[in-house]
There are 2 protein chains.
Amino acid sequence: MRSGGGDGAVGDDRARGGRPGRGDVVAAAVRLFTEEGYEATTMDAVAAAAGVSRRSLFRNFGSKEDILFAEHDGLFATVERYLAAAPGDDPVATVRAAARMVFQGYVSAPEITVPRYRLVRAVPRLRDREIAMTARYQAAFSRYLARGETEGDRVLAGEAVAASVIAAHNHVLRSWLHAPDRPVPWARFDRAMEYVTASLGGVLREAGGGAGPASVLVAVYPSGLGGDDVLRRVRAALETAGPDAAGPAAGNEGTPEDGDW
Amino acid sequence: MRSGGGDGAVGDDRARGGRPGRGDVVAAAVRLFTEEGYEATTMDAVAAAAGVSRRSLFRNFGSKEDILFAEHDGLFATVERYLAAAPGDDPVATVRAAARMVFQGYVSAPEITVPRYRLVRAVPRLRDREIAMTARYQAAFSRYLARGETEGDRVLAGEAVAASVIAAHNHVLRSWLHAPDRPVPWARFDRAMEYVTASLGGVLREAGGGAGPASVLVAVYPSGLGGDDVLRRVRAALETAGPDAAGPAAGNEGTPEDGDW
DNA sequence: CGGAGAATGGCATCTAGTGTCACAGTAGAT
DNA sequence: ATCTACTGTGACACTAGATGCCATTCTCCG
């Protein structure tokens, strides 16, 4: 790994020589939280370790927790744009693909997600925060599956599917987080998704066959983005296979490379 | 409604003339939160309105949020004891009954749950807290359904069922919270439970037929409780049909009395 | 009545989070 | 190249949730 960190998939805004960027701050905070404990680490300590002022910390991250969950917002925004732009012909498959994007977002930034997972398991406050994050995804899935309706079995079915998809996602994700050095269990992920959506999704699937796991590149970007930027981000996503915090990007060549089934 | 409040199903520990009990404090806090907003209400204001000192507030409730979610802990403990003592012959039915207890806990204390629902929808911090609470139930359900196993399809199936049950519970609960004056939709609740567990629960159901909705009184108490206490609590539960904050109790005569199916 | 134990109140203190203002770095216009 | 408008940063002050400490009060029981 490089010396000071800050060119990974964390969020590198010119962290070369000038002021420390978001990535550096997050790295310093994660280190302090891990070494000295989350509660015991004051924001002054984080500010000092990161080389910024305490005020700038709050300005750029909002709160102490948000330092750990900063990259989540970009990923969530990407997922929401994906759902908004997705065709409605096979909603369950769309949600499954969206969950795949979330999973991809986790496994492609292990420098953050792995130590954060340890912290989340230890600190109740952070655990609640993580749960609230996944609940946001679940709510987005439910909204998409409901498609305007506000009452009836359709809504209930959508919420059940969304909950099950999130549960399956978390199930596979946890198993990976326990041993992040092993290859990413894409096969197990797809199998789990298949399992939870096979039975429950019946009500929602009105057209289009089952359609196996999608192994295509999915990229969603803000509409007001220049062509060069899009090209650059797609290339970056293909190379590093990971989204950065500043700009949303999700790249993934989803060939199952797991050997356990 | 009585003058000072405090004899409902909130948690009345001798709130007659002496010091204000938990129920009075919660009632005062809910009133302030509703009238002046959650963030705008300081703990000093709550302490003054409830007639206790600020220090005692924190001592008895732990935090500002916990004032709103105080009764949840008792209900959760009851559910956990119920799961621990339940026979394992039909785990899905057991979880369904546990969800019914939770639902009962909500609908039997509308003086708290209804205004809290309004607050939860408005204040993000409280929304996260509510989500974390339901996640605790979901985790308890998953643990019960996993029954020791830590890997494999059994665990995934259990987590999916737990997530779906919670989703169905929340679905019906929300619809009731929007119009709490209408009769409690027990029929819709049972139908939703039936729906989400019919397809997914197959893996987990190994014995015992479907077994329609249980319409029996379920009461779980700590083992170190005197016979008189048990009798008194059962009677109280039967009369008020609601758990109080100090002691866990869940009463419910579950005859479907809803007219919409 | 009196003492033991628990609950309460008051005080000091810590820390997350916010508002405000002065200052520095930067891009664009003349 | 200089002025200017804008954006980000740092420093200070302040609010409020939360905790530790200790004296006081209340309650239960012998």
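If you're wondering where the values come from, they're calculated on a predicted model, not measured in any experiment. So you know, we letter chains A, B, ... as the sequences are listed, proteins then strands, and number each from 1.
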K.L.:
How close or far is atom C1' of C:dG17 from atom CZ of A:Arg125, stated in whole angstroms?
P.N.:
12 Å
K.L.:
Rounded to the Å, how far apart are B:Phe33 CZ and D:dA16 C1'?
P.N.:
13 Å
K.L.:
A:Phe61 CZ to D:dG8 P: how many Å, rounded?
P.N.:
14 Å
K.L.:
When you measure from the side chain of A:Asp24 to the backbone N and O of A:Gly21, does any donor-acceptor pair fall under 3.5 Å?
P.N.:
yes
K.L.:
Output the rounded distance in Å from CZ (B:Phe58) to C1' (C:dT8).
P.N.:
15 Å
K.L.:
Which residues in residues 46-57 of chain A have at least one heavy atom lying under 4.0 Å from any atom of DNA chain C?
P.N.:
A:Arg54, A:Arg55
K.L.:
For every nucleotide of nucleotides 21-26 of chain C, 5' to 3': is a protein heavy atom under 4.0 Å from its base (B), only from its sugar-phosphate (S), or from neither (-)?
P.N.:
------
K.L.:
Is A:Arg100 close enough and on-axis enough to A:Phe189, meaning under 6.0 Å and within 45°, for cation-pi?
P.N.:
no
K.L.:
Check whether any side-chain N or O of A:Thr34 sits under 3.5 Å from a backbone N or O of A:Val30 as a donor-acceptor pair, and report yes or no.
P.N.:
yes
K.L.:
Tell me whether the NZ or CZ atom of A:Lys64 lies within the 45° cone about the ring axis of A:Phe58 and under 6.0 Å from its centre.
P.N.:
no
K.L.:
May I ask you to check whether over 12 heavy atoms, not counting those of A:Arg125, lie within 6.0 Å of atom CZ?
P.N.:
no
K.L.:
Figure out the NZ/P separation between B:Lys64 and C:dA16, and round it to whole Å.
P.N.:
18 Å
